[in-house]
Amino acid sequence: MTEPLAPQYNPSAIESALYAWWQERGLFAPEAGPGGPDAPPYVIMMPPPNVTAVLHMGHGLNNTVQDVLIRFERMRGRRALWLPGTDHAGIATQNVVERLLAREGLTRFDVGREAFVERVWAYVSQTGAAILDQLKAIGSSADWARTYFTLDEDLSRAVREAFVSLYEAGLVYRGHYIINWCPRCLTALSNEEAEKTETDGRIWYLRYPLADGSGYVTVATTRPETMLGDTAVAVHPEDDRYRPLIGRELRLPLVDRLVPIVADDAIDPAFGTGAVKVTPAHDPADFEIGRRHQLPSIDVMTPDARISLAAPDRFQGLDRFEARRRVVAEFEAGGLLEKTEPHRHAVGHCYRCGTVVEPRLSDQWFVRMAPLARPALEKYRDGTLRFIPERRGDDYTQWLEGIRDWCISRQLWWGHRIPVWYCQSDRCARTTVSRTDLDACPACGGPVRQDEDVLDTWFSSWLVPFSSLGWPDRTADLATFYPGHSLVSAPEILFFWVARMIMAGLHFLGEVPYTDVYLHGTVRDTQHRKMSKSLGNGIDPLEVVERYGADALRYSLVSGMSVGTDVILDPDDLEASFAAGRNFANKLWNAGRFILSNLDRPPRPLAGAPRAVRRDELTLADRWIIARCDLTVREATEAYEKFRLNEAAAAVYRFLWSDLADWYIEQIKPRLYGDAPGGDVARAVAIQTFDAALRLLHPIMPFITEALWRRFPGRPATASISVAPWPRPDNRATDAAALAEFERVQQVVSAIRGIRAEYGVPPGQAVRAFVSQDGAEPGSSANRAAPAGARALAALERERTTVERLAKLSALTLGESGERVGGHAVLPDGTSVFVPLGDAIDVGRECLRLGAEADRLGGLVSAQHKKLGNVQFVARAPADVVARERDKLSAWAEQREVLLRKRERLGCG
RNA sequence: GGGCGAAUAGCUCAGCUGGUUCAGAGCGCCUGCCUUACACGCAGGAUGUCGGGGGUUCGAAUCCCUCUUCGCCCACCA
């Protein structure tokens with residue numbers, strides 16, 4: 001604990017040890033916080049990563065945000081629970097294992113269902129949810145003792161309870177509909193899992209001859225191959241072009257089938273030719289038309305999207321896209337292809353493998369969503385539920401208003417098997433939905449067969465806010481931690497997961513699972529492309545942790561993002577993206593090193609905590625930094641509360657770097673060295689404000705803040721900043737006078753430094769400086785002693801050594817100089833600064849400088865005159881605004897006057 | 001096609017309820033410094049028609065309209 005600190009902060013040397021120590025001490029358990037076991041709870045459900053996932057920047061961002069919030073609320077005294085888990089991720093995981101099998105030249109059908117599922121379990125246990133360890137590497141303070149897996153026995157029981165009770169309530173049903181089918185994954189998908197992407201395709205105009213040879217009807221289609229399954233052509237009943245044809249028959253080319261022309265309101269006469277080929281087995285709209293007109297459905301495709309036996313021989317076995325070419329070619333050859341046009345339209349793709357989805361008619365299980373959506377919408381409309389940023393509520397509303405039933409059965413092997421048993425006895429043939437496994441038909445005792453399908457992965461995820469707490473049992477955890485509070489998610493899973501959890505929470509427990517939904521942005525590269533493995537533009541968060549530290553990673557993610565905006569990182573230049581965070585950590589490290597090393601420096605060794613200081617012992621600088629610290633506490637706390645993490649980061653950054661390091665630490669150096677008076681007060685103030693700032697920063701940069709905080713004198717070895725109480729605003733620290741007066745000190749110092757730089761005064765060379773409140777010649781009529789000015793000078797007098805030291809002065813004189821030649825500056829309040837430089841300076845150049853500055857102020861003054869001369873302004877603007885504008889005018893005028901007098905004295909032309 | 005958002009310094013972005021944060025921060029750039037916490041640093045400096053146009057107002061980066069460009073969500077015009 002007291003080993004000397006290296007001048008360069010090395011995060012990798014301490015982060016993992018600190019994390020291990022936090023875990024050993026059990027600090028992530030809700031009751032470990034400073035609020036104790038009876039504090040009000042605060043709960044965040046972690047979006048469970050896939051068991052087989054490898055950490056990417058999206059996880060990094062998502063979990064950083066959650067960790068910031070959970071650490072903030074923990075320190076604020078709430079019983080903070082961040083509940084982690086992993087998702088079995090049906091399709092994704094099954095695909096991974098299938099690919100492994102493929103390397104052995106096997107398919108899942110070769111090994112069989114039971115053996116395949118065993119292999120998936122083996123694989124999953126072998127990857128060991130490594131993703132969770134990776135989340136630890138970035139500092140995530142989740143309560144790992146509660147980690148769940150969506151296929152755990154408990155959660156599986158919850159899934160079954162949910163399914164069965166929804167079935168009993170009439171909200172789960174089996175139906176024969178067109179669903180989205182992935183021909184590669186060989187399973188049904190929900191609407192949400194079929195990602196629509198705008199694609200440049202074509203539209204073909206095909207001629208279907210009338211059966212009696214009296215002409216033809218032209219239909220337009222984007223999927224010509226489906227014509228093999230056409231069973232009608234539909235037109236709008238009011239469409240004059242086609243009205244006489246309604247009821248007549250067409251001879252379907254290539255297939256030579258007679259199909260009727262039917263009239264249907266759903267047809268838009270304005271699109272295409274106004275005549276639509278109807279393929280009930282391969283298009284959802286056509287399916288509905290088919291229903292209305294009792295048309296047969298002819299399924300012309302196999303599960304892997306090849307042409308089936310229902311089509312003419314020569315097409316059978318062709319891939320759907322080959323078949324498309326073949327169909328078009330044959331129409332062309334037969335003179336039946338009228339034309340082809342480019343056509344931009346939305347095509348569905350499997351969200352797991354990217355394959356073009358095929359609408360397919362099949363038997364699936366569905367959840368009736370409208371009754372679940374209604375209360376979920378209501379909770380948003382009544383303000384119970386809010387979105388950050390607010391506009392995401394529009395997406396939520398829109399989705400819920402147009403919600404369609406949720407297809408939940410998947411033709412996969414990895415997942416929760418659907419708890420439905422079919423009696424095999426022909427006489428009974430009963431379907432039983434059951435909470436417990438069945439061996440025999442409860443009705444006839446005959447043999448039963450369980451439904452082969454599994455449930456959509458999201459059917460377990462949507463229960464997580466309560467299934468992870470023990471539901472359907474009424475556990476103590478459930479009573480304590482449901483409902484939760486914040487949900488932090490990528491916008492991509494708003495519908496998959498976030499909205500459905502709200503519906504499930506309301507349905508099963510009668511309460512929304514959380515009230516604040518924070519949807520953060522997406523991590524993108526400098527060309528604003530989403531980071532992804534396939535694009536190869538990803539950044540490995542673990543590499544960043546290794547090279548820059550977890551704190552730097554977190555800082556960069558948090559500071560680069562305002563509410564709901566994307567985070568831009570440069571995959572080709574990690575330095576550009578993460579150096580700022582690393583540099584900040586290093587800055588803190590060194591500030592800490594300085595403060596701590598001076599604590600036990602003789603002659604006043606500090607064995608214990610720094611002593612309490614009395615208000616009357618404080619210098620102006622002390623009062624200033626305390627007031628600044630207090631403002632930062634207020635600012636940062638409010639920013640965290642409003643999810644404005646970047647603002648919290650900026651506020652603490654500004655305080656630590658610009659205020660504490662650049663000014664206060666520099667200011668107290670003379671007091672610390674030797675036996676200067678006030679040294680112990682400075683030490684106490686430094687440590688007190690540094691301590692507070694570290695706490696404010698801890699949610700964002702947990703490691704460095706802990707590393708430093710633990711080293712404070714008088715700290716018990718077991719104390720951790722992660723459970724230290726959050727700093728409170730202190731009205732006694734408010735000190736407007738100190739803020740204003742010290743700011744003037746800073747302005748004087750900066751002005752002198754500016755003059756030194758302007759005239760190239762060597763850094764080592766001390767100069768003299770004169771500061772006066774009125775630049776007028778002694779005895780001139782303009783010389784009026786302003787009481788405010790006198791106070792300002794008095795403050796400067798008190799901080800004389802500060803000015804002398806920081807501006808490298810041999811002497812500071814408060815008053816006029818008899819000399820003329822030197823560098824001049826005028827502060828905004830009219831305070832005059834003069835640095836005599838004699839021959840070292842070029843008078844002409846100084847005249848130009850002062851003239852330019854006077855001109856600038858002159859512009860401001862005349863603009864201000866105009867504004868105040870405007871009767872409308874004076875009459876209509878609020879009195880305080882007018883008064884403020886008047887003050888500005890007189891300040892600028894004064895400043896300019898002083899400048900002009902200086903030019904006069906210098907003898908400028 | 002419907003809904004929503006964004007455009008501010010070379011880059012990434014703050015700027016919230018119109019006027020004291022009003023034109024800002026970080027990075028980058030220029031100048032000078034190895035000043036005994038830190039060169040991952042210190043000090044000083046340059047940089048903008050606040051996307052174009054119109055309007056409301058005493059006053060607009062901020063509110064309204066419009067155009068342009070970019071992005072997100074949704075969608076069975078085949």
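What's counted below: heavy atoms across the whole structure, side chains too, no hydrogens, waters or symmetry copies. A, B, ... follow the sequence lines: proteins, then strands. Residue 1 opens every chain.
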Quick one: is [N] close enough that its OP1 or OP2 comes under 4.0 Å of any side-chain N or O from [X]?
X: N583(A); N: G41(B); value: yes
X: H528(A); N: C13(B); value: yes
X: R753(A); N: G45(B); value: no
X: R524(A); N: G71(B); value: no
X: W657(A); N: C42(B); value: yes
X: K669(A); N: A37(B); value: yes
X: S750(A); N: G44(B); value: yes

| From E885(A) atom CD to N870(A) atom CG, the distance as rounded to the nearest 0.5 Å | 12.0 Å
| message | Quick check for you: to the nearest 0.5 Å, what is the distance between H520(A) atom NE2 and I388(A) atom CD1? | response | 13.0 Å
For [X] and [N], give me the distance from atom [atom1] to atom [atom2], rounded to whole Å.
X: L400(A); N: C4(B); atom1: CG; atom2: C1'; value: 16 Å
X: E288(A); N: A78(B); atom1: CD; atom2: P; value: 17 Å
X: L631(A); N: U21(B); atom1: CG; atom2: P; value: 14 Å
X: I665(A); N: G41(B); atom1: CD1; atom2: P; value: 15 Å
X: D572(A); N: U12(B); atom1: CG; atom2: C1'; value: 16 Å

Check: [N] base within 3.5 Å donor-acceptor of [X] side chain:
X: Q398(A); N: C74(B); value: no
X: R593(A); N: C38(B); value: no
X: K587(A); N: C40(B); value: no

| request: Check the pair T226(A), K277(A) against side chain to side chain donor-acceptor pair (under 3.5 Å), reporting the backbone distance first and the verdict last. | output: CA-CA 9 Å; T226(A) 61; K277(A) 61 189 274 307; 2.6 Å; yes
Please work out if [X] contacts a base, only the sugar-phosphate, or nothing of the nucleic acid, heavy-atom cut-off 4.0 Å.
X: R582(A); answer: base
X: N646(A); answer: nothing
X: R392(A); answer: sugar-phosphate
X: F495(A); answer: sugar-phosphate
X: K530(A); answer: nothing
X: T279(A); answer: nothing
X: E666(A); answer: base
X: A661(A); answer: base
X: D394(A); answer: sugar-phosphate
X: E758(A); answer: nothing
X: A579(A); answer: nothing
X: Q8(A); answer: base
X: A757(A); answer: sugar-phosphate
X: R391(A); answer: sugar-phosphate

| query | For W663(A), is the NZ or CZ atom of R753(A) found under 6.0 angstrom from the centre of its six-membered ring and inside 45 degrees of the ring axis? | reply | yes
Do [X] and [Y] get their side chains close enough for a donor-acceptor pair, meaning under 3.5 Å?
X: W589(A); Y: Q8(A); value: no
X: Y351(A); Y: E193(A); value: yes
X: S12(A); Y: N10(A); value: yes
X: E846(A); Y: Y759(A); value: yes

| query | How does RNA chain B read in dot-bracket, base by base from 5' to 3', with Watson-Crick or G-U pairs under 3.5 Å and | used when the partner is on another strand? | reply | (((((((..((((.....[....)))).(((((.......))))).....(((((..]....))))))))))))....
| Proximity of Y555(A) and F578(A) rings by center, below 6.0 Å | no
| query | Is there a residue in residues 191-198 of chain A whose heavy atoms reach under 4.0 Å of RNA chain B, and which residues are they? | reply | K196(A), E198(A)
| Interface with RNA chain B, restricted to residues 337-348 of chain A and to heavy atoms under 4.0 Å | H343(A), H345(A), A346(A)
| said: Please check if the number of heavy atoms outside E390(A) that lie under 6.0 Å from its CD is greater than 12. | reply: no
| task | Could you walk me through whether E341(A) and R202(A) pass salt bridge (Lys or Arg N to Asp or Glu O under 4.0 Å), step by step? | result | CA-CA 6 Å; E341(A) 287 176 345; R202(A) 321 173 80 177; over 6 Å; no
| request: Could you tell me whether R849(A) and E853(A) have a side-chain N and a carboxylate O separated by less than 4.0 Å? | output: no
